[in-house]
Amino acid sequence: MRTLYCGEVNESHIGQEISLTGWVNRRRDLGAVIFLDLRDREGLVQVVYDPDLPEVLEKANTLRNEFCVQVKGKVRARPEGQVNKEMATGAIEVLGLELTILNKSAPLPLDFNQENSEENRLKYRYLDLRRVEMTERLKFRAKVTSAVRQSLENQGFLDIETPILTAATPEGARDYLVPSRTHKGKFFALPQSPQLFKQLLMMSGMDRYYQIVKCFRDEDLRADRQPEFTQIDIETSFMSAEQVMSVAETMIRELFVKLMGVDLGDFPRMTYAEAMKRFGSDKPDLRNPLEIVDVADIFKDVEFKVFAGPANDPKGRVSVICVPDGAAKFSRKNIDDLTKFVGIYGAKGMPWMKVNDIDAGLEGLQSPILKFLNEESVNALLSRVNAKSGDIIFFGSDTYNVVTESLGALRLKLGEDLGIVADEWKPLWVVDFPMFEEVDGHLHAIHHPFTAPSNMTPEELAQNPVGALSDAYDMVLNGCELGGGSVRIYDQEMQATVFRILGISDEEAKEKFGFLLEALEYGAPPHAGLAFGLDRLVMLMTGASSIRDVMAFPKTTTAACPLTNAPGQANPTQLEELSIISNVKEDAQ
């Protein structure tokens, strides 16, 4: 029906008769002449209908936005002075010779020229995706997946599929369960990731596996979370952490060069401990020049208990953020608003100090806590943060976690509010994560229970699990975790030790992971891997604010689909076949 896409018409086609198909983006009626902007997935082209073909002109007069049409016409150069440099096809136009209305459009429930609610956009997603912005994002996503495949296949990886219906695994979120009709009372789980299967593929001798795969997690949602999302999943045999990171770094660098013309350069490394100390986050945004500085040692002997208490507590932390030239930018109301903000993260207050004149000593400082501090500690503080006249210092003093989280969040907010976040790409590897974290008196795996410890024997790990570091790595870009992975446990004794530390009994381990534990008995190779969030990667590369804007048919923040009205009620017959009885009343659903 067409000879080429609208956005592909150019000056090389002048004089040619062509056929185009698409949607009416806009119609302009100038009386004797009608102009159409015809749109398809590759762009816009201007079509002109004039009085020389009155029947075609009359038909063109009936067109409205989003009518689906076929246009046959001759390409010609635009008249001098009418070239539109804002359009890729702005040097030419198509003189319309024939017009076929393939389908009319009812009045649109979306306004393409205004902001529409996200609920409405998702309900009429097929219309929303016609918008140029959305079309371009999905086209870009397709280019990303193509480039990923090319990069990994050039590095010797095989694309292998893993099951969607599987057994539940501990990945840190609730599973989506699928009842079995043939095995009454039993359930499959949708995979939170292909973790166990990709490890089994390494034990199968596949050596280098990848997959662009759907994953499912029943968790509370936000801008970068969806109940179903897509991973770039990678696993290797006989490769160290450094080699796996090199594979991943090569792939990401190639993506940015090929699709964005950006060379990310070599990725720096930073330990988890350093990231938390300097930035209050395990995914620090290095575009923000502000840093957290520890000052507990300075305030151990002061009489001000708000500082002295946490400073002398092994589980406490006293730290500051110094904002250059910030004193004049923060009124008392601004500071009060920031105090409320850090309160979200558990901070009970936020002392502050303005450095009005560094050369005037204590007289040049302004702070409600100045009277509680001695000159020696104040001078040591100013020296520690390299304070200058015009700076403002914000304090955090509480438990380690409260100070780290609150100042980490404050750092990001200050960077955004002050407009000091650089417009550039800042990649980073974060390494040396703790193996475990303590929650309510119990140890939990930071990544997952198949992550290997770094340079430890099973005996050493059992003796000091809290101090163990994992052989794990996360790739971070502009404060966003793109993906992460680890060296896997391939020794049965080490795996059993980790399970015991996590409180997983031998019986529970056998029930949940028996097939994996058995596979470790048959010459399992050393293996390692990682996974990237494809949706998050595309969101960053396109500048979208949510992964919903780079997915064709996403869910809302309540994990619902306005387009299909999913989830919906099941047919009673289906429930009976599955031996399921719902105790939810119909009006409550």
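Interatomic distance, CD of Glu460 versus CG of Asn455, reported as 9.5 Å (0.5 Å rounding). Note that CG of Leu469 and CE of Met435 are 9.5 Å apart. Values are rounded to the nearest 0.5 Å.
Applying the side-chain hydrogen bond (donor to acceptor under 3.5 Å, both in side chains) rule to Glu437 yields no partners; only residues at least two apart in sequence or on another chain are considered. Remark: Gln150 engages Lys258 in a side-chain hydrogen bond (donor to acceptor under 3.5 Å, both in side chains) (not counting sequence neighbours). Applying the side-chain hydrogen bond (donor to acceptor under 3.5 Å, both in side chains) test to Gln211 and every residue at least two apart in sequence or in another chain returns Thr162, Tyr209.
Contact of the Phe256 side chain with the Asp263 side chain is not registered, since no non-hydrogen atoms from C-beta on lie closer than 4.5 Å. Tyr345 is not listed as a side-chain neighbour of Val402, based on a closest heavy-atom distance of 4.5 Å or more. Annotation: side chain of Ser319 is in contact with side chain of Leu407 (closest heavy-atom distance under 4.5 Å). Looking only at side-chain heavy atoms (C-beta outward), Phe436 and Leu461 come within less than 4.5 Å of each other. Two residues are said to be in side-chain contact when any heavy atoms from C-beta on lie closer than 4.5 Å; Thr451 and Ile489 fail this criterion. No side-chain heavy atom of Lys277 sits less than 4.5 Å from a side-chain heavy atom of Ile292. Counting heavy atoms from C-beta on, the side chains of Val431 and Met245 come closer than 4.5 Å.
The number of heavy atoms from other shown groups lying within 6.0 Å of CD (Glu115) does not exceed 12.
Ring geometry, Tyr126 versus Tyr124: the interplanar angle exceeds 60°, so the pair is classed perpendicular (tilted spans 30 to 60°).
Residue pairs meeting the salt bridge (charged side-chain N to carboxylate O under 4.0 Å, His left out) criterion with at least one member in residues 481-501, sequence neighbours excluded: Glu235-Arg488. Within the structure, salt bridge (charged side-chain N to carboxylate O under 4.0 Å, His left out) pairs that include any residue of residues 121-134 comprise Glu66-Arg130, Arg121-Asp128, Arg121-Asp549, Arg125-Asp128, Asp128-Arg131, Arg131-Glu133, Glu133-Arg137 (at least two apart or interchain).
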Expected list for residues 513-531: side-chain donor-acceptor pairs under 3.5 angstrom, two or more places apart:
from   : atom 1 : to     : atom 2 : distance (Å)
Glu521 : OE2    : Gln492 : NE2    : 3.1
His527 : ND1    : Pro525 : O      : 2.8
His527 : NE2    : Gln199 : NE2    : 3.1

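The only option from Tyr473, Tyr272, Phe433 that meets the ring pair (Phe, Tyr, Trp, His ring centres under 6.0 Å) definition with His447 turns out to be Phe433.
Nearest heavy atoms, Met541 versus Trp425: CA-CH2, 4.3 Å.
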